[in-house]
Amino acid sequence: MPNLTDRKVIDGKAMAARLREAVGEQVAHLQTHHQVTPGLAVVLVGEDPASQVYVRNKARHAGEAGIQSFEHRLDASVSEQALLALIDQLNHDPAVNRILVQLPLPAHMGETRIINAIAPAKDVDGFHPVNVGQVAIDGQGLTPCTPLGCKLLLEHQLGDLSGRHAVVLGRSNIVGKPMANLLLQANCTVTIAHSRTQDLPAICRQADILVAAVGRPGMVKRDWIKPGAVLIDVGINRIEEDDRTRLTGDFDFPAVQDLASAITPVPGGVGPMTIACLLLNTLQASYQQLGLPFPDGLAESAWQPQTATY
């Protein structure tokens, strides 16, 4: 595991803890002054081991922040209609501010139909087409948690992102596309690279900011990196090694670390920030429900942006 005492390694775990603490303070404020407790419903279908761990961590951190967690575990054989009925019930439950359906879903379910069934105002992941469109147009929709976490990590490291060339490696609806939109709103020059991109290493070498979200362990090599770039690794890949499973990212970490001005580790980088932003989005829903303005700079209050190092 990378040495988190290295100043180049961005400690997402510590930053997420500070953000969760800030969220918890605001939850306590809502409970004291408005008698409202934010509620997050998490739906897990099947027994995927990685999903089970992720859902368990979400529930634990929600509880620590004072957010009420409603967990629904369904058998993998449950019908799509039954899942849609549960979502409809949660859409109409006033105690539930946000809904998360853990992906991936079993093969017999239509992922798009399930996502589109979640009320846009309760779509904590920001995957509903209404939220996707609003984020793309004016940044006002619910922002997917992983891209939001990546953006906050970058702002902590660099402060103003304006004018920097950002390359997003991967074009998924979950990370790549919304990440590009957020970076555009931050006034970056943005390139989206993918499996059909010609001379991919050359494109990546142009990046002041390189976000890798492809799910291929160690894909990004040393000769893909511009010296001084900030590297955000979204990849979480499980590698079997010596009868043990270890996590690794999309960057070849040992090979690229010394070239980067900063890099997120795997684990301990983007993952914790994703969960912290999930709680942030849930808190925001309670403010919207009450018609109250959301506290300005809540996420940023958990840290002070650092001065750029290049």
Side-chain angles (χ1 to χ4, degrees), residues 15-42 58 61-70 90-100 118-162 178-179 181-188 272-306:
M15 293 165 63
R18 293 194 291 270
L19 178 53
R20 294 196 309 270
E21 182 180 357
V23 168
E25 291 172 356
Q26 292 302 316
V27 170
H29 174 82
L30 287 178
Q31 291 169 333
T32 300
H33 296 281
H34 300 280
Q35 294 74 53
V36 169
T37 298
L40 171 66
V42 180
K58 288 173 181 175
H61 288 308
E64 290 173 353
I67 292 173
Q68 189 170 5
S69 180
F70 305 97
L90 297 173
N91 283 340
H92 292 90
D93 186 344
V96 174
N97 299 110
R98 292 287 194 252
I99 301 169
L100 182 148
I118 301 172
K122 293 192 175 186
D123 168 33
V124 74
D125 269 329
F127 294 161
H128 193 284
V130 169
N131 289 319
V132 172
Q134 287 182 334
V135 168
I137 293 169
D138 57 15
Q140 297 304 306
L142 278 169
T143 305
C145 302
T146 297
L148 177 57
C150 292
K151 180 172 178 281
L152 293 175
L153 289 169
L154 286 167
E155 289 175 336
H156 171 261
Q157 190 67 32
L158 295 172
D160 184 14
L161 304 182
S162 180
M179 186 77 251
N181 281 328
L182 289 182
L183 290 167
L184 278 172
Q185 290 160 16
N187 297 315
C188 291
M273 285 297 293
T274 295
I275 294 179
C277 289
L278 179 79
L279 305 183
L280 184 69
N281 277 353
T282 302
L283 173 67
Q284 185 180 24
S286 290
Y287 274 86
Q288 291 172 341
Q289 184 179 11
L290 292 168
L292 297 173
F294 195 60
D296 288 336
L298 176 61
E300 294 81 357
S301 70
W303 57 78
Q304 291 295 321
Q306 298 174 348

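Counting begins at 1 with the first residue of the sequence.
- In this structure, the separation between CG on L148 and CE on M179 is 8.5 Å, given to the nearest 0.5 Å.
- The closest side-chain heavy-atom distance from Q284 to L142 is below 4.5 Å.
- Taking all atoms of both residues into account, the shortest heavy-atom contact from R20 to A276 is CG-CB, 3.9 Å.
- In this structure, CG in L40 is found 9.5 Å from CD1 in I99, a value given to the nearest 0.5 Å.
- Summarising the geometry, atom OG belonging to S286 is positioned 7.5 Å from atom CD1 belonging to I67; distances are rounded to the nearest 0.5 Å.
- With a 4.5 Å cut-off on side-chain heavy atoms, K58 and L278 count as touching.
- Side-chain contact between L90 and K122: absent, with no pair of heavy atoms (C-beta onward) separated by less than 4.5 Å.
- Contact annotation: the side chain of L183 approaches that of L154 to within less than 4.5 Å [non-hydrogen atoms, C-beta and beyond].
- Residues Q26 and F294 form no side-chain contact, since every pair of their non-hydrogen atoms from C-beta on lies 4.5 Å or further apart.
- Not counting sequence neighbours, T282 has no partner by the side chain to side chain donor-acceptor pair (under 3.5 Å) test.
- Partners of E64 under the salt bridge (Lys or Arg N to Asp or Glu O under 4.0 Å) rule, at least two apart in sequence or in another chain, are R60.
- Considering every non-hydrogen atom in both C145 and C277, the closest pair reads O-CB, 3.7 Å.
- One finds the CG atom of N187 at 9.0 Å from the CG atom of L161 (value rounded to the nearest 0.5 Å).
- Minimum interatomic distance between A285 and R98 (heavy atoms only, all atoms of both residues): CB-NH1, 2.8 Å.
- Taken to the nearest 0.5 Å, the CD atom of Q289 stands 10.0 Å off from the CG atom of L30.
- Side-chain contact between Q35 and Q31: absent, with no pair of heavy atoms (C-beta onward) separated by less than 4.5 Å.
- Contact detail for N131 and P120: the closest heavy-atom pair is ND2-O, 3.0 Å.
- A salt bridge (Lys or Arg N to Asp or Glu O under 4.0 Å) check over residues 140-154, counting only residues at least two apart or in different chains, returns the pairs K151-E155.
- You'll find the side chain of D93 stays beyond 4.5 Å of the side chain of N91, heavy atoms only.
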Requested in this report: Start with the C-alpha distance between L298 and L283, add both sets of side-chain angles, then the distance that settles side chain to side chain contact (heavy atoms under 4.5 Å, CB included), and finish with yes or no.
Outcome: CA-CA 11 Å; L298 176 61; L283 173 67; 3.5 Å; yes
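- The nearest pair of heavy atoms linking V96 to F70 is CG2-CD1, 3.9 Å.
- In plain terms, the two heavy atoms of P38 and V36 that are nearest each other are CD-O, 4.0 Å.
- Checking Q68 against T37 by side-chain atom types alone, no donor-acceptor pair falls below 3.5 Å.
- Residues P144 and F127 have side chains in contact (heavy-atom distance under 4.5 Å, counting atoms from C-beta outward).
- Here OG1 of T143 is found 9.5 Å from CG of N181. Values are rounded to the nearest 0.5 Å.
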